2 protein chains.
Amino acid sequence: MFVTMVFVNASESSPRSRRDRPAKPPLSRDWIIDSAVEIMRTEGLAKVTMRRVAQELDTGPASLYVYVANTAELHSAMLDRLLGDLRPSGSGPWTEQVEQLLIDYTVLLSGYPGLARAALMIRPSGEHALGLFDRLLGLLLDGDVAPDRAAWGADLLILLGTAEAAEHGARDTADPNPAVDPSHGWAAVEAAVRAADPGRLPHLAAHADVALAGNGPDRLRWAFRAVLSGIAATATITTPPTQEDHR
Amino acid sequence: MFVTMVFVNASESSPRSRRDRPAKPPLSRDWIIDSAVEIMRTEGLAKVTMRRVAQELDTGPASLYVYVANTAELHSAMLDRLLGDLRPSGSGPWTEQVEQLLIDYTVLLSGYPGLARAALMIRPSGEHALGLFDRLLGLLLDGDVAPDRAAWGADLLILLGTAEAAEHGARDTADPNPAVDPSHGWAAVEAAVRAADPGRLPHLAAHADVALAGNGPDRLRWAFRAVLSGIAATATITTPPTQEDHR
DNA sequence: ACCTGAACACCGTTCAAGT
DNA sequence: ACCTGAACACCGTTCAAGT
C-alpha cells in the first residue's frame with residue numbers, strides 16, 4: 001500500500017498532527033474528519049468516500065458509522081473544520097471589512113467547490129459557520145443597518161458567497177472527477193453568448209461584450225458591494241399569515 | 001417490469017408525447033432527455049442514472065454515450081428542457097416583473113434541488129437558459145439600468161435564484177436520497193441559533209428572533225428586491241490588468 | 001459498547017465485438 | 001455508423017457476528 005507523505009498544518013481542532021499518528025490510531029470523530037480533509041486536499045472531494053477514508057484509517061467502512069451518520073454529515077463536518085481557518089481580515093470602513101470577509105470566505109470555499117455545493121444542501125450549523133454569521137451580523141450592525149435587514153442580509157450574503165464558490169470553483173479548479181468538464185462548460189457559454197442571434201436574443205446580442213466583461217475578482221467584489229447596498233436600503237417584507245398557513 | 005403510467009405534457013422540444021411511444025423506440029438525444037426528465041419527476045434526480053435511463057429505454061447504458069457525453073451533460077440538458085416551461089409572467093412596473101420572473105424561476109427549480117445544484121456547476125448554456133437571461137436583461141434595460149450593471153446584475157440575480165432553489169428545495173422537498181436529511185439540517189440550524197451563547201456569538205444571540213423570522217416567500221422576494229436595488233445603485237468595478245495577468 | 005467481515009444493491013464509463 | 005455485452009473499478013449502507 002502506497003502512503004503519500006504530505007505535511008499538513010495541525011488545525012486547532014485536530015488533537016495531533018498526522019505525522020505522529022500511531023500505526024493503528026484509535027478511531028474517533030476528529031480523526032475521521034481530519035483524514036477526510038486531508039484526502040480532499042490531496043485528491044479532491046470526489047475521492048472522499050466512506051470506503052477511502054476507512055482505508056486511510058486501516059479499517060472497514062462500517063466502522064465509520066459509529067462516529068458519522070452518513071456521507072453528507074461527514075462533508076458538513078469537513079466544511080465547518082475548514083471554516084475554522086477563516087481569520088478576521090480587512091480594515092477601514094465597515095463596508096470594506098464586510099467585502100473582505102466575504103471574499104475570503106468565497107476564496108476559501110472556491111478551493112473545494114464540491115464542498116460549497118454540499119453547503120447549499122446541508123446548511124452548516126457548526127460552530128465556525130455560526131461564528132462567521134455572527135461576525136458578519138456584527139459588522140452590519142456596526143454600519144447601522146437595521147437588525148432585521150442585517151439578519152436577513154447576513155444570510156443572503158453568505159448564500160451568495162457559497163454560490164459563487166460553487167460556480168467559480170467549478171470553473172477554475174481541476175476537479176478530479178472527469179464527469180465534470182468546467183472549461184468546456186464555460187467556453188460553451190462564452191461561445192453561445194457571442195453567437196447570440198439578434199432576432200431571438202436581442203438584448204444579449206446587443207450587450208454581449210459587457211456581459212462577458214470583467215475579471216472574476218472585480219465581478220465578485222462588485223456583487224458583494226451591490227448586495228450590501230441593497231440590503232441596507234430595502235425594507236423587509238412581512239405578509240400576514242393566511243388561515244391555511246399559520247405554521 | 002413495472003411501467004408507471006404518467007401523463008406528461010409534450011414539451012415543444014420533444015417530438016412525441018410518451019404515451020404513443022412504440023415498444024422499442026429509436027434511440028435519440030431527445031428521447032433520452034425526455035425519459036430522464038420523467039424519471040426525475042417520478043423518482044427524483046438521484047434515480048436518474050445512466051443505467052436507470054438505459055433500462056427505461058430497453059437498452060444498455062453504453063448505448064446512451066452515443067448521444068450524451070456523460071451524466072453531467074445529461075443533467076444540464078434536462079435543466080434546459082425544464083427552463084422551457086418558464087413563461088413570461090408578472091405585470092406592472094418593471095421591478096415587479098423582474099421579481100416575479102425570478103420567483104418563478106426559483107420555484108420551478110426548487111422542485112428539483114439536485115438540478116439546481118448541478119446548474120451551479122455546469123453553467124447552463126442551452127437556448128432556454130439564454131432566453132431567460134435575455135428576458136431579464138431586457139427588463140433591467142427597460143428600467144434604465146446601465147447596460148454594464150444590467151448584464152452583471154442579470155447574472156447575479158440568476159445565480160441567486162439558483163442558489164435559493166438549491167438550498168430551499170433541499171429544505172422542503174422529499175429527496176429520495178436517504179443520505180440527505182434536510183429537516184434535520186434545518187432543525188439543527190434553528191436549534192443552534194436559539195442556543196447561541198451570548199459570550200461567543202453576541203450578535204446572533206441578541207437577534208436570534210429576527211434571524212429566524214419571516215416565511216420563505218417573503219424572504220425570497222425581499223432578497224431579489226434588495227439585490228435589484230443594489231444592482232441599479234452600484235457602479236461596476238474595473239481594475240486594470242497587471243503585467244502578470246493579461247488573461 | 002465498540003468494531004468489523006461480508007453482503008446487498010447499486011454506480012459511471014470503456015471497449016472490443018457485432019450489425 | 002450505430003449499438004451493445006461484458007467487464008473494470010468503484011460506490012453507500014446494513015447487519016449479524018464477534019470482541
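Predicted model, so just to flag it, every value in this text is computed and none were measured. Per chain, numbering begins at 1; letters A, B, ... match sequence-line order.
Annotation: salt bridge (charged side-chain N to carboxylate O under 4.0 Å, His left out) contacts of R29(B) (sequence neighbours excluded): E73(B).
Within the 4.0 angstrom heavy-atom criterion, base atoms lie near S63(B).
Toward the 5' end of DNA chain C, the nearer of the two residues P61(B) and P61(A), judged by each one's closest nucleotide, is P61(A). Comparing A62(B) and G60(A) against DNA chain C, the residue whose closest nucleotide sits nearer the 5' end is G60(A).
Remark: P of dC15(C) and CE of M50(B) are 15 Å apart, rounded to the nearest angstrom. The NZ-C1' distance, from K47(B) to dG12(C), rounds to 17 Å in whole Å. Separating the CG atom of N70(A) from the C1' atom of dT13(D) is a distance of 10 Å, rounded to the nearest angstrom. Residue Y65(A) contributes atom OH, which lies 16 Å from atom P of dG5(C) at whole-angstrom precision. Distance L57(A) CG to dT4(C) P: 10 Å, rounded to the nearest Å. dT13(D) atom P lies 11 Å from atom CD of E73(A), rounded to whole Å. For the pair Q55(B) CD and dG12(C) C1', the interatomic distance rounds to 16 Å; values are reported in whole Å. The distance from atom CG of L27(B) to atom P of dA1(D) is 18 Å, rounded to the nearest whole Å.
Of the listed nucleotides (dC11(D), dC11(C), dC15(D)), dC11(D) has the atom at the smallest distance from the side chain of R51(A).
A side chain to side chain contact (heavy atoms under 4.5 Å, CB included) with V48(B) holds for exactly one of R41(B), M40(B), E38(B); it is M40(B).
Here the NZ atom belonging to K47(A) is positioned 12.5 Å from the CD atom belonging to E56(A), to the nearest 0.5 angstrom.
Consecutive Watson-Crick or G-U pairing (both distances under 3.5 Å) extending over three or more pairs maps onto DNA chain D as C:4-8 with D:12-16, C:12-16 with D:4-8.
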Exercise. After noting the C-alpha distance and the side-chain angles of R81(B) and D34(B), does the key distance pass the salt bridge (Lys or Arg N to Asp or Glu O under 4.0 Å) rule?
Worked result: CA-CA 9 Å; R81(B) 181 82 108 230; D34(B) 272 5; 2.6 Å; yes
Exercise. Between R87(B) and D104(B), does a salt bridge (Lys or Arg N to Asp or Glu O under 4.0 Å) hold up when you go through it step by step?
Worked result: CA-CA 9 Å; R87(B) 295 277 158 264; D104(B) 288 347; over 6 Å; no
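Between the P atoms of dA9(C) and dC10(D), the separation comes to 23 Å (whole Å).
In this structure the side chain of E43(A) reaches within 4.5 angstrom of the side chain of R52(A), judged on heavy atoms.
A salt bridge is defined here as a Lys NZ or Arg NE, NH1 or NH2 lying under 4.0 Å from an Asp or Glu carboxylate O, and D155(B) with R219(A) meets this definition.
In this model, the phosphate group of dC11(D) is not approached by any side-chain N or O of T71(A) to a distance below 4.0 Å at OP1 or OP2.
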